[in-house]
Number of protein chains: 2
Amino acid sequence: MKKNSPTIRDVAAAAGVSVATVSKYINGAQRFSAPVEAKLKVAIEALGYRSNPLARSMITGRTRTIGLTILDISNPHFTNVVKGANRVALRHDYTLLLVDTDENQARERPLIEALAQRVDGLIVSSRMPDEETHWMLDLNKPLVLLRRSETLPIPSVGIDNRLTTYMLARHLLNLGHRQIAYLGFGQAPRINDERIRGARECLEEAGLTLDVYDAHAPTSHAGEHACSRVMLGPRRPQAVICYNDLIALGFMKEAASLGLKLPQDVSVTGIDNVPYGEFASPALTTVDIQSEKMGELAMQKLIDALAGHPDTEHSMFEPRLIVRESTAACG
Amino acid sequence: MKKNSPTIRDVAAAAGVSVATVSKYINGAQRFSAPVEAKLKVAIEALGYRSNPLARSMITGRTRTIGLTILDISNPHFTNVVKGANRVALRHDYTLLLVDTDENQARERPLIEALAQRVDGLIVSSRMPDEETHWMLDLNKPLVLLRRSETLPIPSVGIDNRLTTYMLARHLLNLGHRQIAYLGFGQAPRINDERIRGARECLEEAGLTLDVYDAHAPTSHAGEHACSRVMLGPRRPQAVICYNDLIALGFMKEAASLGLKLPQDVSVTGIDNVPYGEFASPALTTVDIQSEKMGELAMQKLIDALAGHPDTEHSMFEPRLIVRESTAACG
DNA sequence: GTGAAAGCGCTAACAT
DNA sequence: ATGTTAGCGCTTTCAC
């Protein structure tokens, strides 16, 4: 168990050539004479030489690493984003430096700034309001945001949030519901506001209003907690549109234990189409927001930018309504 | 948007001191005279200097990065492992370099070898049989395995697999079941074999035998696929122990669409206690294997090793039976 | 307490 | 096709 691995100089010595030759050989930069190539092969094999990526990065300025910050890896939406991003990264010989900020806003900036120094580019999912995001431009690294920035010229991928809830509201309207509530997550203001707006617009077209509640967290636990407040309050809804699937799942579980029959007593919808909505009881009606594709595209954009083909646009995926059993005609 | 950031030399010049002094100041290596400290502070602030971690790593030999390879981030078990590992890493100012090998065995070795060069230590989850794992010792990096190695002196964390299925079998026996099947995942031989053994031992004590099936993948999709083979074959079981929760969830869904009543017609159990088992219908009886704690402990062991306190033991978490509604007395 | 100088392992001109 | 050399930005003796 010797501690120090051989360097390029050891190889050069062993093969009787110069370090430059070894370097070029390793990087496949050109062709070599048969004898040199043979000696190189032998020496490298014998020494078990592997080039030091740190030293290389110091010079080339590239690490073949992409930084990815997400809010919570436990949320299947982000899990899928990571999955997609990882797949594309691996295909292009990049590795992911992952930071899970754990829904902790205060942490985001220092973590991202530290991360930026160790990677070639970043994919960032943040809860920071646009106004406080200018410093990201000073990172001097290619960046892709996982939601549009209204004010900054940073490429991004996302979903049409307004449309997700518009579609859900329309769906519920079609089923005959009139009393519709939205159970949101106010700490994600931009997304949440857009979603409220979508539902509200749809309902207003029908002359109805939207009751808005807040779950305080994007988790199933928060959904459970909020359920009695929504369902046993003074304005009991016939249908509830939840900020995401996790909240919806928790909501449904708690509703059942409150003695409510689903979906007869209340229709429930989520957003995200996490893989487990279909195993719930009743299976969850939701909107697919293409999480994995978002991860893939974000990574692809970044890699394109790194290759000199930047893309400053915001790419918007189209939401798709997935109707299952948690929504039914209003009794 | 200037491209090149200031170096330690720029700071030294601006502050009128030597680079060595700047270096020491940044690393808080010693105390300084008031005037020097003041000038340093000003210069660093004015230039917006941030030390280059790559250059530092080249010298110190440490990157403050931990490599983590997992088989599939989509599997909530691994998601939780990552969550736990990330939490401990962040606390100690380490970052995760994540590699999702996507259940692709051929990829594992090259990916891990490449990863090893860029990190201070690794946490590895692999499907490789023990015999083919010797090369990991040549990585010359602290290592923690996410399952015990029988032959290699590498620290590890894991679960008592035998006990998980023993407990489940006992539970089913207590409910009066006699025809019990195991729906496994043969590509994870070590884990799978131990789980078969646990169930078998328990049944043999009761004079019964275990029917073994294979799902070919650790996913809900595979569970769905396998269901009809198990339930409509010649030896229809009264209860099925699945390799993990995902397989169980898929199995239950398909069973329902085959017209079976759960749990009356068949009791089903999983292993892992993924967060969504409790939302399934019926809620899934399972065994908690403490995935997040595994991630935490693995990271803690690694960080301890990096700090000079290695720990060569295998740490085994205790499985805990979680009884919900997917198992019931044999009708 | 502060500074000069020697590299870490490698790549990138620029010779030859 | 191969070699020489000058660093990348930083830490680390070892003087002063």
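Sequence lines set the chain letters: A, B, ... in the order given, protein chains first and strands last, and positions in each chain run from 1.
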Nucleotide-resolved protein contact map, nucleotides 5-13 of chain C, B/S/- at heavy-atom distance under 4.0 Å: --BBBBBB-

Below 4.0 Å: OP1/OP2 of D/dG3 and any side-chain N or O of A/Thr21: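 So the side chain of A/Thr21 is within the cut-off, an N or O lying under 4.0 Å from OP1 or OP2 of D/dG3.
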
Side-chain N or O of B/Ser33 closer than 4.0 Å to phosphate OP1/OP2 of C/dT2: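 Checking B/Ser33 against C/dT2: at least one side-chain N or O falls below 4.0 Å of OP1 or OP2.
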
Main-chain N/O of A/Asn104 paired to A/Asp102 side chain as donor or acceptor, under 3.5 Å: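 Checked: no pair found.
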
Any donor-acceptor N/O pair, A/Asn86 side chain to A/Lys83 backbone, under 3.5 Å: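 Looks like no, no N/O pair under 3.5 Å.
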
Between atom [atom1] in [X] and atom [atom2] in [N], what is the gap in whole Å?
X	N	atom1	atom2	answer
B/Arg62	D/dT11	CZ	P	14 Å
A/Arg118	D/dG9	CZ	P	17 Å
A/Leu54	D/dC10	CG	P	14 Å
B/Phe32	C/dT2	CZ	P	7 Å
B/Ile44	D/dC10	CD1	C1'	14 Å

Global bending angle along the helix from C/dG1-D/dC16 to C/dT16-D/dA1, which compares the axes of five pairs at either end, to 10 degrees: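 So the angle between the two local helix axes works out to 30°.
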
Results of ring-ring contact (aromatic ring centres under 6.0 Å, His included) for B/Phe78 - residues two or more places apart only: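 Counting only residues at least two positions away or on another chain, B/Phe78 forms no ring-ring contact (aromatic ring centres under 6.0 Å, His included).
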
B/Arg109 with B/Glu113: basic N within carboxylate O range, under 4.0 Å: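 A salt bridge is present here (some side-chain N lies under 4.0 Å from a carboxylate O).
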
Check: B/Thr65/A/Arg118 side-chain N/O donor and acceptor closer than 3.5 Å: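 The criterion, which ignores hydrogens and geometry beyond distance, is satisfied for A/Arg118 and B/Thr65.
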
Between A/Arg147 and A/Asn161, a side-chain donor and acceptor under 3.5 Å: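 No, no side-chain donor-acceptor pair sits under 3.5 Å.
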
Interatomic distance, B/Asp130 atom CG to B/Thr151 atom OG1 [nearest 0.5 angstrom]: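 Going from CG on B/Asp130 over to OG1 on B/Thr151, the span is 3.5 Å.
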
Heavy atoms of other groups near A/Glu313 CD, more than 12 under 6.0 Å: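 At most 12 heavy atoms, drawn from other residues, nucleotides or ligands, come within 6.0 Å of this atom.
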
